[in-house]
Amino acid sequence: MTVASNKLRSASSSIPSDERTFETIFLEHYAQVYGVLFRLVGDRAEAEDLTLETFWRLWERAPHTAEHLGGWLYRVATRLGYNALRAAKRRANYEVEAGRYVLEHDSPPDPAHEVERRDERARVREVLRRMRPREAQLLILRHSGLAYKEIAAALGVAPGSIGTLLARAEKEFEKLYAYTEGG
Amino acid sequence: MHLTDQALRAYLDHELTAPEQNRATEHLTACPTCRARREALEARASRVSAQLAPLAPRPNEAPHSAQIVLTKLNRLRQSPASGKEKLTMLKSILAPRLRPLWAGLGAIALFAYAFSFAPVRAWAGEFLGLFRVKQIAVLPIDTTRLGELGGNSTLEKQFSQLFSDSMTVTHESGPAQIVASVAEASQLAGFTVRAWSESPTAPQITVQDGAAFEFVINRGRAQALLDESGYGDLELPASLEGAKIEVNIPTGVSLAYGDCPNPESEAEREGSFRREMSNCTILAEISSPTVTAPPDIDLAQLAEIGLQFTGMSQDQAQAFSQTVDWTSTLVVPIPRNVASYEQVSVDGVTGNLIRRTSNDEGAPQYALLWVKDGIIYAIGGLGSNADKALEIANSLK
């Protein structure tokens with residue numbers, strides 16, 4: 001157990017007003033961490049499990065200072081999610097994934113639209129798999145609503161480089177997206 | 001000097017400091033080259049953003065409410081188990097997931113897709129579900145209006161939030177248990193389980209532990225949401241405020257004949273037959289779920305509101321509501337455009353045979369539902385030929 005997690009644990013029993021307790025951190029970030037993970041894995045149960053694992057790791061090994069917390073949390077979440085995304089690649093190619101989704105989920109009121117959406121999701125995730133890990137993670141973090149500073153902390157890069165990296169990642173995404181269109 | 005890609009991209013996201021942003025704006029006014037680059041970057045950023053948009057979770061893909069998860073997480077943190085054990089337990093704290101109200105009836109997908117998204121299903125459960133079941137009525141509904149509502153994600157999120165905030169699980173359903181005999185299943189379920197006497201093969205028998213939960217209704221928030229979603233003409237009775245509704249789903253038993261979905265798979269998916277399971281027939285039996293509500297709640301009035309919420313006119317809702325005894329009728333809503341039903345004579349009583357017509361999404365399915373001696377029976381399977389269901393139903397022992 002680290003000093004920091006000791007601090008976190010004692011914080012949850014007696015709460016100094018300026019101390020961020022596990023509860024506050026959890027409530028503040030839960031939805032967004034889930035959002036990042038869901039985008040990466042595309043499955044509610046799996047995203048929930050990974051969200052829990054992320055917060056569990058926070059509990060076990062909290063970083064030293066509160067200001068690094070957000071970055072740490074999203075770094076863990078993104079890695080877990082990205083690994084799961086890559087693992088899914090080993091299970092099946094994306095057409096199969098789309099098919100599996102159709103078979104396993106209940107019928108929606110507008111099937112044609114729904115099938116389209118599922119295919120689209122599978123295609124986008126396939127593009128993310130083909131990208132360099134950092135660029136894929138960057139796009140997901142940005143599109144989950146994180147600010148440059150938070151993204152920089154999560155990816156361990158300088159905040160002043162996010163714009164450049166983002167522009168590059170978007171270019172790469174678009175190229176691969178067009179390429180993936182034909183299958 | 002021209003603006004860097006870094007500056008331009010950050011400029012688009014308003015991520016520059018105020019002085020930087022001003023300088024960039026000034027430069028862009030003066031420099032056509034950078035303006036063109038900015039436009040190209042912006043166009044690409046918005047295309048990529050649109051392409052990534054489908055990955056975002058939809059309201060029916062929202063996670064469990066933060067409070068519920070936090071409570072469980074805290075409980076786990078305080079448990080005396082070792083760190084490693086806790087990590088294993090962690091994976092299962094959200095599973096088995098809370099079954100939808102009807103899931104106790106067994107692996108029949110019809111129930112699961114009756115409504116377009118979870119919170120509406122939950123609402124329908126609240127409004128249509130105050131009962132102890134003595135009979136079943138099938139209600140074809142037009143899902144167009146609910147579908148329209150489904151397009152508004154902020155509202156969906158609010159419905160979903162209201163629902164999860166209002167609900168407390170009082171008895172969590174344990175894992176499904178596979179048992180060896182009908183006798184054992186009867187003992188666990190607390191009623192005499194009946195099986196298909198002429199089956200060529202032995203069924204796989206699964207006993208699913210019951211669940212209980214309660215809602216405390218927040219009338220103000222619910223009414224505000226109704227107003228916002230264009231149902232302002234529906235007024236929830238004042239007596240609803242703070243009303244506590246308790247739902248208790250007893251232990252159920254399902255008997256699977258043929259090659260069937262794995263009963264241990266995730267709850268939400270349990271209902272889904274796959275194409276290759278065309279020879280699977282599932283017989284589900286459960287004694288009536290009970291729902292208790294304060295006596296001053298007018299069930300028929302609530303039912304009418306619920307019916308209008310699904311898209312019925314006030315007159316239609318009133319007419320239907322009057323034909324139903326809301327304290328004892330399980331109303332099974334089916335989407336008008338993808339399913340049909342007929343009343344059939346089965347097991348000595350009148351039952352309902354629901355057929356889901358074939359569409360792009362999957363093979364046709366049927367479900368036969370009836371109530372006898374306080375037990376709800378359901379037989380479901382793939383295919384358009386439901387004769388087998390009737391044959392099974394009429395030879396239960």
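Each chain gets a letter, A, B and so on, in the order its sequence line appears, and its residues count up from 1. Just so you know, these numbers use all the heavy atoms, side chains as well, and skip hydrogens, waters and symmetry mates.
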task: Check whether any side-chain heavy atom of A:R142 lies under 4.5 Å from a side-chain heavy atom of B:L52, and answer yes or no.
output: no
message: Given heavy-atom pairs under 4.5 angstrom as the criterion, report whether the side chain, backbone, both or neither of A:Y148 touches chain B.
response: both
task: Step by step, work out the side chain to side chain contact (heavy atoms under 4.5 Å, CB included) result for A:L40 and B:L55.
output: CA-CA 8 Å; A:L40 285 165; B:L55 294 186; over 6 Å; no
field: Atom of B:Q51, atom of A:F173 and distance for their closest heavy-atom approach
entry: OE1-CE2, 3.3 Å
field: Lys/Arg-Asp/Glu bridge criterion (N-O < 4.0 Å) met for A:R121, B:E61
entry: yes
- request: Evaluate side chain to side chain contact (heavy atoms under 4.5 Å, CB included) for B:R9 paired with A:T164, printing each intermediate quantity in order.
  value: CA-CA 7 Å; B:R9 190 62 192 81; A:T164 313; over 6 Å; no
task: Please determine, among A:G35, A:G160, A:A147, A:P159, the option with the most heavy-atom pairs under 4.5 Å with chain B.
output: A:G160
- request: Ignoring hydrogens and angles, tell me if any N or O in the side chain of A:E174 forms a donor-acceptor pair with the backbone of B:V48 under 3.5 Å.
  value: no
- prompt: Are more than 12 heavy atoms from other residues, nucleotides or ligands located less than 6.0 Å from atom CZ of B:R44?
  reply: yes
task: Dump the intermediate steps for side chain to side chain contact (heavy atoms under 4.5 Å, CB included) on A:L166 and B:Q6, then the final yes or no.
output: CA-CA 8 Å; A:L166 191 55; B:Q6 162 65 27; over 6 Å; no
field: Working for side chain to side chain contact (heavy atoms under 4.5 Å, CB included), residues B:V69 and A:T51
entry: CA-CA 10 Å; B:V69 176; A:T51 304; over 6 Å; no
task: State, to 0.1 Å, how close A:Y30 and B:P63 come at their nearest heavy-atom pair, and which atoms those are.
output: OH-CB, 3.3 Å
- request: Please tell me if the side chains of A:R39 and B:P57 come closer than 4.5 Å, counting only heavy atoms from C-beta onward.
  value: yes
query: Is the number of heavy atoms from other residues, nucleotides or ligands under 6.0 Å of A:R132 CZ greater than 12?
result: no
message: Can you confirm whether A:R134 is buried at CZ, in the sense that more than 12 heavy atoms of other residues, nucleotides or ligands lie under 6.0 Å from that atom?
response: no
- prompt: To the nearest 0.5 Å, how far apart are CZ in B:R58 and CZ in A:R44?
  reply: 11.5 Å
- prompt: Less than 4.0 Å between a side-chain N and a carboxylate O, is that true for A:R168 and B:D5?
  reply: no
